[in-house]
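Step one of this worksheet: look at the structure below.
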Amino acid sequence: MIDLKYIRANPDIIRKAICDKNEKADLDMLLAKDEERRKLQYDFDNLRARQNAVSQTIAQKKRAKEDASEELKEMSEVASQIKILQSDLTEINAAVEELVLTIPNVPQTDVPIGKDESLNEIIRHVGEPPKMDFEPKDHLDIAMQNGLLDLPRGAKISGSGFPIYTGDGAKLERALINFMLEYHLQKHGYTELMVPLAVNRKSMTGTGQLPKLEDDMYHISEDDLFLIPTAEVPVTNIYADEVLSYKDLPKKYVAYTPCFRREAGSYGKDTRGLQRLHQFNKVEMVRFVEPEDSATALEEMLADAEDILMAFGLHYRVVSLCTGDLSFASQKTYDLEVWAAGSGKYLEVSSVSNFGEFQARRANIRYKDAEGKMRHLHTLNGSGLATPRLMIAIMEQYQKADGSIQIPDVLRPFMELRV
RNA sequence: GGAGAGGUGACCGAGCUGGCUUAAGGUGCACGCCUGCUAAGCGUGUGUAGGUCAAAAGCCUACCGAGGGUUCGAAUCCCUCCCUCUCCGCCA
C-alpha cells in the first residue's frame with residue numbers, strides 16, 4: 001500500500017496513478033475519512049491523557065486512604081466518552097484502511113503511459129525466428145501427434161484449462177522445471193523454497209491480489225484459504241510482520257509451484273491448447289532488497305529470466321508494460337514474450353516486476369538499515385519461467401518436418417536421468 | 001477433533017492475589033571510559049506506530065498473540081478466536 005502520509009502530501013500524483021492505471025479508487029473519500037480520523041484521534045488522545053493523569057491521583061489517594069469520590073465521579077463521565085470515541089475511531093480506522101488498500105502503486109516515471117497493452121513498448125528482440133522449409137504446425141497438433149498431452153481427459157476430471165501431460169510430455173514438463181530451478185540456483189545464486197499452495201486472506205492482501213482480484217482466485221471457503229495464483233504470494237509473505245537486518249539483504253529465492261487461476265469471465269480468446277490454463281506450472285524468482293537496489297535488481301532479474309530463454313535458444317522479445325497494463329501492485333514491469341512459430345505470435349512467458357515498498361507495507365516487511373533506521377524494504381518478483389507457453393514455444397520452434405520435436409540440448413540431461 | 005501447558009520489547013525472561021512497572025533483570029547492539037595480553041570490566045543509551053509542530057526537540061496517545069468485555073484504572077480478571085509445545089485420536 002502507499003504511505004498514507006505520502007498520499008496526503010501528494011494527492012495529485014496518486015490521482016494520476018489511479019487514472020493512468022485505469023483503477024477506480026476513491027481518493028477524495030479516503031482524504032476526507034483520513035481528515036476525520038485525525039480529528040477523532042486528537043480528541044481521543046486528549047481524553048485519554050486526562051484519564052491517565054487522574055487515575056494516578058486516584059491510586060495515590062486510595063493508598064493514602066483519602067477520599068477520591070470526586071475524581072471517580074469525573075472519571076466515570078470521561079470513561080463513557082472515551083468508550084464512544086473509541087468505537088468511532090475503530091470504525092473510521094477500518095474505513096481508512098479499506099480505502100488505502102484500493103489505492104494502486106504509482107508507476108515509475110520511465111514507464112510508458114497508455115491505457116492498454118497496445119501501448120506497451122517493445123524494448124528489443126532477441127534471436128531469430130527459426131527458418132523452416134515446411135508449414136509449421138501449431139503446438140496442440142504437435143502434442144497430439146507425439147502423445148504429449150491429454151486435454152479432453154483433463155477436462156473430464158476437472159474442467160477445461162486443467163491439462164494432463166502424458167508420457168514424454170510429463171517428462172518434458174518436469175525437465176523444464178528442474179532445468180530452470182537448477183539454473184537459477186547454480187548460475188544466479190538463488191535459494192530454493194517449497195511453499196504452501198493454499199494461503200490465507202492476509203497473505204493474499206499482503207502481496208496485493210486482494211481485495212481486487214478475489215473473483216479470479218480459487219477459494220476454499222471452509223477454511224478461508226486461497227489456491228495461489230503464483231508463488232509470489234507465499235514467498236513474498238514469508239517475512240510478513242518481520243524485521244530483517246540490512247546484513248540479511250538482498251535475499252533471493254526461487255520456488256517452483258503449480259499456479260491456479262480462475263480468470264473469471266475470460267473465455268474464447270487465445271485458449272487453444274496450453275495458451276491459457278486454470279492450472280499451470282511456474283518457477284518464480286522473488287527478491288527482497290534495500291530500496292536503493294531495487295532498480296538494479298529489476299534489470300538483473302530480467303536478465304535471469306532471459307538467460308533461460310537464451311539457454312533454450314528461443315526467439316523472444318522484451319516488452320515494457322505501459323501504465324494501463326501494469327498490475328495493481330507494480331511500479332514497473334517487463335514482460336518476456338516468446339515466439340510461437342506455429343501460431344505466428346508472441347506469448348508471454350514471464351513478467352518481471354518491481355513493487356517498491358508497496359508489498360512490504362501491506363505485508364509489514366521491514367528491515368533495519370546500516371544506520372539502524374527502520375525502513376520498508378523493496379520486493380520484486382519475476383517468472384523464471386511459466387512452463388505452458390514455454391513448452392508451446394519449444395514445440396513450435398523446434399518442430400521438424402515430420403512433426404517430431406528436437407529437444408534443446410541443454411534439456412537432454414534432464415530428460416535422461418537414470419535410476 | 002480431544003486433554004493439558006504456553007504466547008511479554010532484536011532475543012531470553014520476571015511480573016499475572018488489578019493502581020508505587022513510564023514492563024524488572026539479563027543477552028545483544030551503539031557510543032564512551034579503562035586495561036598490554038586475543039577478551040574482560042565499568043558507564044551511558046537502546047522499540048514501533050499515530051497525533052501535535054513549518055521542521056526538529058519536546059509533549060501526548062496506543063502497543064505485553066488478535067479481537068471484545070468488566071473497571072475510574074487491565075500485561076494482570078472474564079469471553080471468543082489464532083498460533084506454538086506435550087499427550088491422545090484420525091490420516092497420507
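Bear in mind the structure is a predicted one, so any value in this text is a computation, not a measurement. Reminder, nothing fancy here: chain letters follow the sequence lines and each chain counts from 1.
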ask   = Any side-chain donor paired with an acceptor under 3.5 Å for Arg38(A) and Gln41(A)?
value = no
Residue pair Asn52(A) / Ser55(A), side-chain donor-acceptor N/O under 3.5 Å = no
Using atom [atom1] of each nucleotide, how far apart are [N] and [M] to the nearest Å?
N      : M      : atom1 : answer
C64(B) : A23(B) : C1'   : 8 Å
C79(B) : U61(B) : P     : 31 Å
A75(B) : U21(B) : C1'   : 10 Å
G51(B) : A55(B) : C1'   : 16 Å
C42(B) : A56(B) : C1'   : 33 Å
C53(B) : G69(B) : P     : 31 Å
G7(B)  : A66(B) : P     : 13 Å
U71(B) : C60(B) : C1'   : 23 Å

Quick one: [X] [atom1] to [N] [atom2], roughly how many Å, whole number?
X         : N      : atom1 : atom2 : answer
Lys368(A) : G28(B) : NZ    : P     : 17 Å
Leu47(A)  : U52(B) : CG    : P     : 17 Å
Ile365(A) : A49(B) : CD1   : C1'   : 18 Å
Lys202(A) : C83(B) : NZ    : C1'   : 12 Å
Lys5(A)   : A49(B) : NZ    : C1'   : 9 Å
Asn93(A)  : A49(B) : CG    : C1'   : 11 Å
Asp34(A)  : G51(B) : CG    : C1'   : 11 Å
Asp224(A) : C81(B) : CG    : P     : 16 Å

query = Is it true that Asp12(A) and Lys16(A) make a salt bridge, defined as a side-chain N closer than 4.0 Å to a carboxylate O?
reply = no
ask   = Testing Asn354(A), Asp304(A), Asp293(A), Thr379(A) for side-chain hydrogen bond (donor to acceptor under 3.5 Å, both in side chains) with Arg287(A), which one passes?
value = Asp304(A)
inquiry  = Heavy atoms only, 4.0 Å cut-off, all strands: where does Arg201(A) land among base, sugar-phosphate and nothing?
reply    = nothing
query = Which part of the nucleic acid, if any, lies within contact of Arg63(A), taking any heavy atom under 4.0 Å across all strands shown: a base, the sugar-phosphate backbone alone, or nothing?
reply = base
Strand partner of [N], provided both Watson-Crick or wobble distances fall under 3.5 Å:
N      : answer
C85(B) : G4(B)
A62(B) : U48(B)
G67(B) : C79(B)
G9(B)  : none
G19(B) : C72(B)
A39(B) : none
C90(B) : none

Per-nucleotide protein contact string for nucleotides 61-73 of chain B (B base, S sugar-phosphate only, - none; heavy atom under 4.0 Å) = SS-----S-S-BS
Mind checking whether [X] and [Y] have parallel, tilted or perpendicular rings, split at 30° and 60°?
X         : Y         : result
His188(A) : Tyr190(A) : perpendicular
Phe328(A) : Phe358(A) : perpendicular
Tyr239(A) : Tyr253(A) : tilted

note = In terms of heavy-atom contacts, Ala297(A) and Val289(A) come closest through CB-CG1, 4.1 Å
query = So which heavy atom on Ile392(A) is nearest to which on Ala340(A), and how close?
reply = CG2-CB, 4.2 Å
query = Can Arg15(A) and Asp28(A) be said to form a salt bridge (Lys or Arg N to Asp or Glu O under 4.0 Å), step by step?
reply = CA-CA 9 Å; Arg15(A) 210 181 301 279; Asp28(A) 293 320; 3.3 Å; yes
key: Residue met sooner reading RNA chain B from 5', once Met374(A) and Gln56(A) are mapped to nucleotides   = Gln56(A)
Extract from the structure each pairing of a protein N or O with an N or O of nucleotides 54-59 of chain B at less than 3.5 Å, listing the distance.
none

task = Kindly determine whether Phe288(A) and Tyr367(A) satisfy ring-ring contact (aromatic ring centres under 6.0 Å, His included), including the steps that lead there.
result = CA-CA 10 Å; Phe288(A) 301 85; Tyr367(A) 82 106; over 10 Å; no
ask   = Nearest to the side chain of Arg38(A), which nucleotide is it out of U48(B), G51(B), G19(B)?
value = G51(B)
